[in-house]
Amino acid sequence: QVQLVESGGGLVQAGGSLRLSCAASGRTFSNYVMGWFRQAPGKEREFVSAINWSGSSTYYADSVKGRFAISRDNAKNTVFLQMNSLKPEDTAVYYCAAGSPWNVGNSSAYAYWGQGTQVTVSS
C-alpha cells in the first residue's frame, strides 16, 4: 500500500500558475499509475491527468490540455501537476490517486487517494 499527501494548492488569479505535488510513502510507488482528479462544489469528481509508471505515457482531460502538465520523479516518490493559465473553472479540491487502473480516467479504478489540496482561481 501507499500513502499520498498533496500539497501546493492555494489562491491564484486567473492566468496564474501553481504546481501541485503528491508525496508518496511506501515501497510500491514506482509501480503505480498516478492520477490527478478534482472535485468542485456541487460537481462529481472528474479526471484531470494521469501518468504511467515510467512517465512515458501521459493523459489529460480535454479541459486542461495545453495548460496542465503531469510528471513524476520515482526516485523522489513524487508526482507533480504543473498548472498554467489557470481559469476560475479550475477551482476545485485536487486529489492525487494511485493504482493499476483499467481506465486511467475512471476514479473508481484507483486504489489509493490523498486527502486533497484546495485550488482556488479568482477572476
Within-4.5 Å side-chain heavy-atom neighbours: Val104 and Asn106:
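Sidechains of Asn106 and Val104: no contact.
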
Contact check, side chains of Gln118 and Thr91, non-hydrogen atoms, under 4.5 Å
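Yes, side chains in contact.
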
Straight-line distance of [X] [atom1] to [Y] [atom2], nearest 0.5 Å:
X     : Y     : atom1 : atom2 : result
Gln39 : Tyr95 : CD    : OH    : 5.5 Å
Met34 : Cys96 : CE    : SG    : 3.5 Å
Ser7  : Leu20 : OG    : CG    : 8.0 Å
Leu18 : Tyr94 : CG    : OH    : 9.0 Å
Phe68 : Met83 : CZ    : CE    : 3.5 Å
Arg67 : Lys87 : CZ    : NZ    : 4.5 Å

Any donor-acceptor pair under 3.5 Å linking the side chain of [X] with the backbone of [Y]?
X     : Y     : answer
Asn74 : Asn77 : no
Ser49 : Ile70 : no
Glu46 : Arg38 : no

Could you tell me whether Arg72 sits above the aromatic face of Phe80, with NZ or CZ closer than 6.0 angstrom to the six-membered ring centre and within 45 degrees of the axis?
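That pair does not qualify as a cation-pi contact.
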
List the atom of [X], the atom of [Y], and the distance in Å for their closest heavy-atom pair.
X      : Y      : result
Ala98  : Val2   : CB-CG2, 4.2 Å
Ala40  : Ala92  : N-CB, 3.8 Å
Trp113 : Ser107 : CZ2-O, 3.2 Å
Ser71  : Ile51  : CA-CD1, 3.8 Å

For ring-ring contact (aromatic ring centres under 6.0 Å, His included), just list the numbers for Tyr32 and Tyr110, CA-CA rounded to whole Å, side-chain angles, deciding distance to a tenth of an Å, and then say yes or no.
CA-CA 10 Å; Tyr32 285 108; Tyr110 290 81; 9.6 Å; no

Is it the case that Gln13 and Ser122 place a side-chain donor and acceptor less than 3.5 Å from each other?
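The criterion, which ignores hydrogens and geometry beyond distance, is not satisfied for Ser122 and Gln13.
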
Pair Ser17, Asn84: side-chain N/O donor-acceptor within cut-off below 3.5 Å
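Yes, a side-chain donor-acceptor pair sits under 3.5 Å.
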
Test side-chain contact (heavy atoms from CB on, under 4.5 Å) applied to Thr117 and Val93, step by step
CA-CA 5 Å; Thr117 185; Val93 177; over 6 Å; no

Is the distance from the ring center of Phe47 to that of Tyr60 below 6.0 Å?
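No, the ring of Phe47 stays outside the 6.0 Å limit from the ring of Tyr60, centre to centre.
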
Apply side-chain contact (heavy atoms from CB on, under 4.5 Å) to residues Arg19 and Leu81 and explain how you reach the verdict.
CA-CA 6 Å; Arg19 188 171 77 158; Leu81 185 69; over 6 Å; no

